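Predicted, not measured: the structure shown is a model, and the values here were computed from it.
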2 protein chains.
Amino acid sequence: MIRILLADDEHLIRGAMAALLSLEDDLEVVAQAATGAEALATARVVRPDVAVIDLQMPDLDGVSVAQSLAAELPSCSTMIVTSHGRPGHLKRALAAGVRGFLPKTVSSDVLATVVRTVHTGGRYVDPALAAEAISAGDSPLTPREADVLELALEGAPIDEIARRASLSPGTVRNYLSSAVGKTGASNRHEAARVARARGWI
Amino acid sequence: MIRILLADDEHLIRGAMAALLSLEDDLEVVAQAATGAEALATARVVRPDVAVIDLQMPDLDGVSVAQSLAAELPSCSTMIVTSHGRPGHLKRALAAGVRGFLPKTVSSDVLATVVRTVHTGGRYVDPALAAEAISAGDSPLTPREADVLELALEGAPIDEIARRASLSPGTVRNYLSSAVGKTGASNRHEAARVARARGWI
DNA sequence: CCGCCCTCATGACATCTGTCATGAGGAACT
DNA sequence: AGTTCCTCATGACAGATGTCATGAGGGCGG
């Protein structure tokens, strides 16, 4: 019997997934959590075999949870399910020791199969997401460029970005100009969108 | 027995919700769809009592589907479930004749209860979402301002917005300037974000 | 019929942004 | 020690953007 921890902030989805996994004879949902912190706390107590975690949760995101879990409970395999599969997330997740990565568009059979796969030490990444991640390529942005671009996401003017990054406005403009060139965009707002879509920030 | 049509592009969620609703004695999921168009086509054939529709789907969004359903199948009550509850969506949904509006954070009991409620002619809107919608207030934007601001969402330069809206660049700047004032933002990109957050576009 | 508002436009002006050249200081690698 | 890259900065310039004044035309309610 594979003992599963389920974490998802959407109660409806979580309950439904639990119902669905419980239909399988060899799977058992032993705990549920609605936030990242809750998931960690619960995992420490129940020590599940597999953790199925939603990528986006109110507090910690799924990758952070996975990272902590990998460190604290090496016997527990972590897999992530998500609605919005961005290439950057996949990379960060794999780096964090995640064994499975699935979009929520897969069928329940696949979910159950992957739970079994990661439990026996295997890995599984959704083929479509993997292809996207590969085609997106590595980020050409330097760390600082990425920082600044991230601050530009909300549409703030340069002066505010400069204050928040503790840089001079001129420097911010240089980084943004460089980032705009690398993304092929025509201004920083578009560049920020492109970079996010490719998982670079 | 209440006959239900379920539409959600996320296979996993849809299957799970179906499993969950089927646990109720008086509910029966008679059809499922993965896109808006599919939902409409299926509804015409199976004529369900209640349609449970996800707000965000690849092609038509949930509100458009609801609108068509209300016109074509008045006997079918429509309710919408969503991950991202923006006030604007709620307003549009109610205007389209939707009877129930729920975030996916609710429990399965609530879902089942609301299905029964809308089937008997009642209405149900999640209290938290309703409060948000009320506090967000009515949009101060004129229709044209909203159009232009929407085109600005992706960060396009003014000239492109002007082309896409078939306006002169000068006019676009006037509308945007006005919208920036009304949203209290410091540039059009921030204004677009604010307006979207408040459900104005 | 007369305001009032929305739509669309133009011109002028100040400011904000994007781009480029240039340079100092530091870390990493050879 | 030398090379290369990143970080951070300044100054200058062109072009994009935000703001304001102004006006023509149309629809709608009083």
Seminar exercise, completed: From CD1 of Ile161(A) across to C1' of dG18(C) the rounded distance in Å is 13 Å
Which side-chain N or O atoms in residues 111-119 of chain B pair as donor and acceptor under 3.5 Å with protein atoms at least two apart or in another chain?
{"unit_1": "Thr113(B)", "atom_1": "OG1", "unit_2": "Asp109(B)", "atom_2": "O", "d": "2.7"}
{"unit_1": "Arg116(B)", "atom_1": "NE", "unit_2": "Asp26(B)", "atom_2": "OD1", "d": "3.4"}
{"unit_1": "Arg116(B)", "atom_1": "NE", "unit_2": "Asp26(B)", "atom_2": "OD2", "d": "2.6"}
{"unit_1": "Arg116(B)", "atom_1": "NH2", "unit_2": "Glu24(B)", "atom_2": "OE1", "d": "2.7"}
{"unit_1": "Arg116(B)", "atom_1": "NH2", "unit_2": "Asp26(B)", "atom_2": "OD1", "d": "3.0"}
{"unit_1": "Thr117(B)", "atom_1": "OG1", "unit_2": "Thr113(B)", "atom_2": "O", "d": "2.9"}

For this session: Kindly write out the residues that satisfy side-chain hydrogen bond (donor to acceptor under 3.5 Å, both in side chains) with Ser83(A), not counting sequence neighbours, or none if the list is empty.
Result: Glu10(B)
Seminar exercise, completed: Residue set satisfying salt bridge (Lys or Arg N to Asp or Glu O under 4.0 Å) with Asp147(A), at least two apart, ordered chain then number -> Arg144(A)
For this session: State which residues pass side-chain contact (heavy atoms from CB on, under 4.5 Å) with Ala34(A); sequence neighbours excluded, sorted by chain then number.
Result: Arg14(A), Glu38(A)
For this session: List for me each residue that meets side-chain hydrogen bond (donor to acceptor under 3.5 Å, both in side chains) alongside Asn174(A), sequence neighbours excluded, and say none if there are none.
Result: none
Problem set entry | nucleotides 8-24 of chain D: protein proximity per nucleotide (B base, S sugar-phosphate only, - neither; heavy atom, under 4.0 Å) | BBB------BBBB----
